[in-house]
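These notes concern the structure reproduced below.
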Amino acid sequence: MGFNKKMKTSIIESDIIIGMLDTGVWPESESFNDTGFGPIPKKWKGTCQKSANFTCNNKIIGARYYLTDGDNGPEDFISPRDAEGHGTHTTSTAAGGLVSQASLFGIAKGTVRGGVPSARIAVYKICWSYGCSDEGILAAFDDAIADGVDIISLSVGSSIPFDYFEDSIAIGAFHAMKKGILTSKSAGNGGPTPGSVVNVSPWSLTVAASTIDRKFVTKVKLGNGQIYEGATINTFDLKGKMYPFIYGGDAPNLTLGVASEFSRYCFPGALNATLVKGKIVFCEYFTDYEGVLEAGALGAVFQDTGNKDFQFSYPLPFSTLNVNDGRMIINYLNATENPTATIFKTSQDNNQFAPFVVSFSSRGPNPITTDILKPDLTAPGVDILAAWSEASTVTEDDTRRTRYNIISGTSMSCPHATGAAAYVKSFHPTWSPAAIRSALMTTAIPMTSNNNIEGEHAYGAGHINPLQATDPGLVYDAGEIDYVKFLCGQGYTIANIQLISGNSSSCSEETDGTVWDLNYPSFALSSTPGKSITRVFHRTVTNVGSAVSNYRAVVNAPPGLIIQVQPSVLSFEYVGQQQSFVVTVGAELGNSMISGSLIWDDGVHQVKSPIVAYASIML
């Protein structure tokens, strides 16, 4: 029976179409092999835009590109083909097939697969060498909606948040929501700065990035036998051979008048190429690899005070060490007549603290609507191995090509959530975008501020749990009218609401709703520091679990937070039945945040919602 269920699920999943709005795709990648796929789903209305160098198949069933004057560079393909790698990586993460023995030059070798390997892919190339235009984004949304995609994935965002009516992604996502399509979006890479989260529209899913249980280490060995662990992805194998090791401060570029006080940082132009050529260079401060690369160094070891919870690849043997280890190396260089060192190829180790939200992942509070918690949840986005464009190199200033690459970002976590949303959609094809998002949020694995001091402003409802999300028990549903009420209640003008919705909406007493009454799976309230605040939230849940069930409210309220729920028991007699309740939250706010939770528990399902009160000074 289990086998039959698996076969049935796979057939259903193969009817799911994921629309990927990104830099295009490398269609020849083994991750997009269509062996075993049946005919294209009849619901598909899209096209494979004609191009001399791009062909679709039964896996990649559609592809389009949107070129605005000035966006493309000489390396771009004027087709849906990906020249950069980003789109190929995100697409294979969401829905790539199983590929064994995949690796980045032997690193992280194993079987790669996307979130829903049997799903179909529709590619919408909106980004080019010089950017992603609003016109292209909106046109791609329109086409994806008309083509018949089920989920839209968008690992794109601005460096600063825009209000909804000025945000092409928010506008496109609203139109997708109206047609029953959830848009999954990256939260941004502006962390850990408070209020840096982008893509915050409440009608979409905003995804933070968290670590996985694998981490990469790059060891450095000195001539005295001491070994130090660094944090990079070093794809070069020096075979353990020891090379001359020189301190950047001992190799100033005197021709340009550079002093050792400056050359020790290894800035471009600061090093004497004659002295460092063929050697490994130690640099006291992490700037970039360009200075050592242009000087002809064989490799580099940098002392780095920054975060080491994610890694980059470099075009030469490279490792970064913490300050304490850096001091030990300086002592060795100063005390040794002919110092030597080697940099080992990267190895992998277990990350015992995972998952936690990575430092670069953008944080709340929500800068547009302070009383809607964003990001919604977090998903794996650190050191992710996935398919890569063979027109691109491993990293900048590199000449090597690879079929699979390891990169990090909320761009990587977003397609993980997209795959999870598609998986839920395959079980529940009639569920609304809000219902799917609710299922993902209320079944997320709770996280702790022990690893992320920003708490829910870092991880939202928690870490994504796709298997559990197919059976959430209850969902918080919402539709177009609910979001229009929210916009009216927020004081948006009719003209601005029309820019977002595309409809001739009007605000009245019936359509004027408060932000606290938007039927969202999380609860947030904010005020000025030192104030007492009370907010009343009205919510409605829909039974999607057992027909006859009773849910009891379980409240977690730490000191400073008072949470009351009425009624405290919800009884259901059939699937699809709705029940409403009221949550009253009181908080004594200092200069930080207080977080609690509400769980609806029927003995089988635990429908979890974070409740966050914070001082607006956090913005």
Side-chain angles (χ1 to χ4, degrees), residues 90 93 115 155 157 159 161 184-200 204-216 231 306-312 350-367 372-384 406-421 437 440-466 468-469 521-524 592-597 608-612 614 618-619:
T90 58
T93 300
S155 290
S159 58
S184 173
K185 304 184 294 188
S186 52
N189 299 328
T193 304
S196 55
V197 63
V198 297
N199 288 331
V200 295
S204 57
L205 179 68
T206 307
V207 188
S210 45
T211 56
I212 59 177
D213 59 3
R214 174 185 67 197
K215 67 176 181 180
F216 296 115
N307 293 295
K308 293 182 173 59
D309 50 2
F310 64 101
Q311 287 78 43
F312 288 109
N350 181 56
N351 187 350
Q352 59 181 330
F353 300 108
F356 61 88
V357 176
V358 67
S359 56
F360 64 71
S361 183
S362 290
R363 266 54 170 183
N366 185 334
I372 290 180
L373 183 65
K374 288 285 184 173
D376 291 312
L377 47 72
T378 187
V382 177
D383 299 337
I384 304 300
I406 299 170
I407 57 176
S408 300
T410 54
S411 285
M412 285 63 256
S413 61
C414 170
H416 278 86
T418 302
R437 179 186 59 203
L440 294 172
M441 290 176 65
T442 61
T443 60
I445 300 169
M447 299 176 74
T448 171
S449 58
N450 291 342
N451 290 329
N452 292 113
I453 60 172
E454 308 92 347
E456 286 80 1
H457 289 312
Y459 46 72
H463 197 269
I464 200 164
N465 185 4
Q468 191 65 42
S522 57
F523 302 78
S592 58
M593 64 179 283
I594 311 171
S595 60
S597 65
K608 303 179 288 289
S609 293
I611 299 176
V612 178
Y614 70 96
M618 294 186 71
L619 278 174

Minimum-distance pair of heavy atoms, taken over all atoms of Pro367 and Pro161
CG-CG, 3.5 Å
Looking only at heavy atoms, which two atoms of Thr442 and Pro521 are closest? And how far apart?
CG2-CB, 4.1 Å
From Phe356 atom CZ to Asn450 atom CG, the distance as rounded to the nearest 0.5 Å:
13.0 Å
What is the distance from atom CD of Glu456 to atom OG of Ser522, rounded to the nearest 0.5 Å?
9.5 Å
Distance from Glu454 atom CD to Ser592 atom OG, nearest 0.5 Å?
12.5 Å
Residue pairs, two or more places apart or on separate chains, that pass salt bridge (Lys or Arg N to Asp or Glu O under 4.0 Å) and touch residues 185-198:
none
For Leu373 against Ala524, the heavy-atom pair lying closest together:
N-CB, 3.9 Å
Could you give the distance from CG (Asp309) to OG (Ser210), rounded to the nearest 0.5 Å?
11.0 Å
By side-chain contact (heavy atoms from CB on, under 4.5 Å), which residues pair with Ala379, not counting sequence neighbours?
Val207, Ser413, His416, Ile464
Pair Leu377-Tyr459, side-chain contact (heavy atoms from CB on, under 4.5 Å): steps then yes or no:
CA-CA 5 Å; Leu377 47 72; Tyr459 46 72; over 6 Å; no
Indicate yes or no for a side-chain donor-acceptor contact from Arg363 to the backbone of Val197 under 3.5 Å, with no hydrogens or angles considered.
no
What pairs meet the side chain to side chain donor-acceptor pair (under 3.5 Å) rule with one or both residues in residues 187-196, with sequence neighbours excluded?
Asn189-Thr410
Non-neighbouring partners of Ile445 that pass side-chain contact (heavy atoms from CB on, under 4.5 Å), sequence neighbours left out
His463, Asn465
Among all residues two or more places apart in sequence or in another chain, which pass the side-chain hydrogen bond (donor to acceptor under 3.5 Å, both in side chains) test with Asp383?
Ser408
Which residues pass the side-chain contact (heavy atoms from CB on, under 4.5 Å) test with Thr443, sequence neighbours left out?
Gln468, Ala469, Pro472
With sequence neighbours excluded, what pairs up with Thr206 under the side-chain hydrogen bond (donor to acceptor under 3.5 Å, both in side chains) test?
Lys374
Please name all residues satisfying side-chain hydrogen bond (donor to acceptor under 3.5 Å, both in side chains) with Gln311, sequence neighbours left out, ordered by chain then number.
none
Mind checking what makes side-chain contact (heavy atoms from CB on, under 4.5 Å) contact with Asp213, not counting sequence neighbours?
Asn350
From OG1 (Thr211) to CZ (Phe353), nearest 0.5 Å:
10.5 Å
Non-hydrogen side-chain atoms of Val612 and Met593 separated by less than 4.5 Å:
yes
Which heavy atom of Ala209 sits nearest a heavy atom of Gly381, and at what distance?
CB-CA, 4.0 Å
For Ile372, does its backbone N or O pair with a side-chain atom of Asn366 as donor and acceptor, under 3.5 Å?
yes
Would you check if Pro380 and Pro355 make a side-chain contact, meaning some heavy-atom pair closer than 4.5 Å?
no
Output all residues satisfying ring-ring contact (aromatic ring centres under 6.0 Å, His included) with Phe360, sequence neighbours left out; order by chain, then residue number.
Phe310
Sequence neighbours excluded, which residues qualify as side-chain hydrogen bond (donor to acceptor under 3.5 Å, both in side chains) partners of Ser184?
Thr418
Please enumerate all residues that pass ring-ring contact (aromatic ring centres under 6.0 Å, His included) together with Phe523, with sequence neighbours excluded.
Phe537
Least distance between heavy atoms, Ser186 atom then Ser411 atom:
CB-N, 4.0 Å
So OG of Ser362 and CG of Asn199: to nearest 0.5 Å the spacing works out to 9.5 Å
Is Pro610 close to Ser597 at the side-chain level, that is, under 4.5 Å between some pair of heavy atoms?
no
At their closest point, which heavy atom of Pro375 faces which heavy atom of Ala458, and how far apart are they?
CG-O, 3.4 Å
